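A short worksheet on the structure shown next.
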Amino acid sequence: MDASTNEPGGFFRPSLPSPAPSNASTSSTSSNLPHPRAHPLRAGSAKEDAARRYVEGRLMHISRRYTKKFQPHQEGEEVHGYVSMSDVSRDLGEVVDVLWLSGTRTSSKSIYQTKSILTKFLASLQIPYLLNVALSITTYLPAFPPSPSATFRLLKKLDHVFSSLLKGEDIISRETLPGFENGKKAGMSKTDMVRCKSLVESTRVIVVDVMSKDPEPDSGDPEESGVETDSGVDFDGIDDEDDRHEMDVARVYEKTIIQLGELLDSGTGFSAGSGEN
């Protein structure tokens with residue numbers, strides 16, 4: 001996390017644990033998400049404020065590094081521009097982990113007691129930031145050579161998050177998410193769903209275009225190869241990898257598309273205190 005400690009908000013208070021692979025639940029291992037908190041962060045608490053400032057600081061840092069990509073490096077600068085989508089995906093993935101881990105949804109009791117005010121305030125931490133991450137991907141992705149493994153790993157993570165928030169439960173484990181114990185009223189509003197649908201569609205188009213280009217050098221993780229020819233070229237491995245990535249392209253946001261289709265086609269929208277249906 002290059003230079004993040006020198007920026008406002010670019011840290012996490014010890015009271016709010018950072019996501020780590022060891023925290024990953026068995027229900028979320030396919031997308032490497034940490035298990036969310038059992039209870040949402042209390043609105044106005046130090047932990048809620050720390051989470052907000054951390055996310056804002058990290059997104060600002062990522063944006064700065066992206067901007068630096070197009071600028072000549074100055075001697076003494078601590079913030080370096082991104083050189084690959086792999087690095088961008090890693091940093092954005094960490095932000096997604098924190099937002100998911102926070103579980104910042106209001107409980108059914110809080111919804112009843114505070115009506116729209118607290119519900120709307122809490123929703124402003126998780127869903128808009130996740131949508132902003134999804135939007136940033138549509139900007140960053142075309143600016144780099146393809147990095148399939150890292151890119152699809154991030155998109156799979158977002159697909160898991162969005163589809164789960166739309167359903168009100170972990171899309172894989174079926175565990176109820178924090179704040180959804182009494183139904184889906186703590187989820188996305190109709191406006192959120194429409195924006196999410198637009199981002200999903202534009203991302204799928206961009207991914208098809210980007211992945212048709214030559215990949216960045218040494219972008220993938222070393223994998224076991226198939227049968228090598230005398231020339232040293234592993235044709236079996238190449239074919240398998242191409243087939244896998246073609247499938248990955250087709251599966252971008254597949255779970256989210258299903259959930260959006262069910263909700264928008266039926267005219268159902270979850271109101272987060274906004275009065276929308």
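Note that the structure is a prediction, hence the values are computed from the model and not measured.
Taking the side chain as every heavy atom from C-beta outward, D248 and M211 never approach each other to under 4.5 Å. The side-chain heavy atoms of L59 and L92, taken from C-beta on, include a pair separated by under 4.5 Å. Annotation: side chain of W100 is not in contact with side chain of L158 (no heavy-atom distance under 4.5 Å). Counting only heavy atoms from C-beta outward, the side chains of Q126 and S102 approach each other to under 4.5 Å. Taking the side chain as every heavy atom from C-beta outward, R204 and V200 approach each other to under 4.5 Å. In this structure the side chain of V88 never reaches within 4.5 angstrom of the side chain of L154, judged on heavy atoms. Looking only at side-chain heavy atoms (C-beta outward), C196 and Y253 stay at 4.5 Å or farther from each other. Contact of the V207 side chain with the F152 side chain is registered, since non-hydrogen atoms from C-beta on lie closer than 4.5 Å.
What you find for K190 and L264 is that their closest heavy atoms are CE-CD2, 3.5 Å. Annotation for T139 and Y66: closest pair O-OH, 3.6 Å, computed over non-hydrogen atoms. Between R251 and D159, the closest heavy-atom pair is O-OD2, 4.4 Å. Pairing each heavy atom of R65 with each of R90, the nearest pair is NH1-NH2, 4.4 Å. What you find for P146 and D214 is that their closest heavy atoms are CD-O, 2.8 Å. Of all non-hydrogen atoms in L260 and M193, the two that sit nearest each other are CD2-O, 3.7 Å.
The hydrophobic cluster containing V205 does not contain M247, counting ILVMFWY residues as joined when their side-chain heavy atoms lie under 4.5 angstrom apart, directly or transitively. Both V208 and L199 are members of a single hydrophobic cluster when ILVMFWY side chains are connected at heavy-atom separations under 4.5 Å.
From T256, atom OG1 reaches atom CD1 of I171 across 8.0 Å, with rounding to the nearest 0.5 Å. With rounding to the nearest 0.5 angstrom, the CD atom of E254 is 11.5 Å from the CD atom of Q259. Interatomic distance, CE of M188 versus NZ of K167, reported as 14.0 Å (0.5 Å rounding). The line from CZ of R153 to NZ of K156 is 10.0 Å long, rounded to the nearest 0.5 Å. A distance of 9.0 Å separates CZ of F162 from CD1 of I127, quoted to the nearest 0.5 Å. Rounded to the nearest 0.5 angstrom, M60 CE and R53 CZ are separated by 12.0 Å.
Salt bridge D170/R174: absent, no basic N to carboxylate O contact under 4.0 Å. Under the 4.0 Å criterion applied to side-chain N and carboxylate O atoms, E56 and R52 are not assigned as salt-bridge partners.
Formation of a donor-acceptor pair under 3.5 Å by the T203 side chain with backbone atoms of T138 is not found in this model. A donor-acceptor pair under 3.5 Å links the side-chain atoms of D192 to the main chain of S189, judged by distance alone.
Taking the ring axis of F144 as reference, the NZ or CZ atom of K69 stays within 45° of it and closer than 6.0 Å to the ring centre.
S147 and S86 share a donor-acceptor pair across their side chains, judged by distance under 3.5 Å alone.
Each of D91, D97, L99 was evaluated against V95; a single residue qualifies, L99, per the side chain to side chain contact (heavy atoms under 4.5 Å, CB included) test.
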Worked verdict on S84 versus D87 for side chain to side chain contact (heavy atoms under 4.5 Å, CB included): CA-CA 6 Å; S84 73; D87 293 336; 3.7 Å; yes
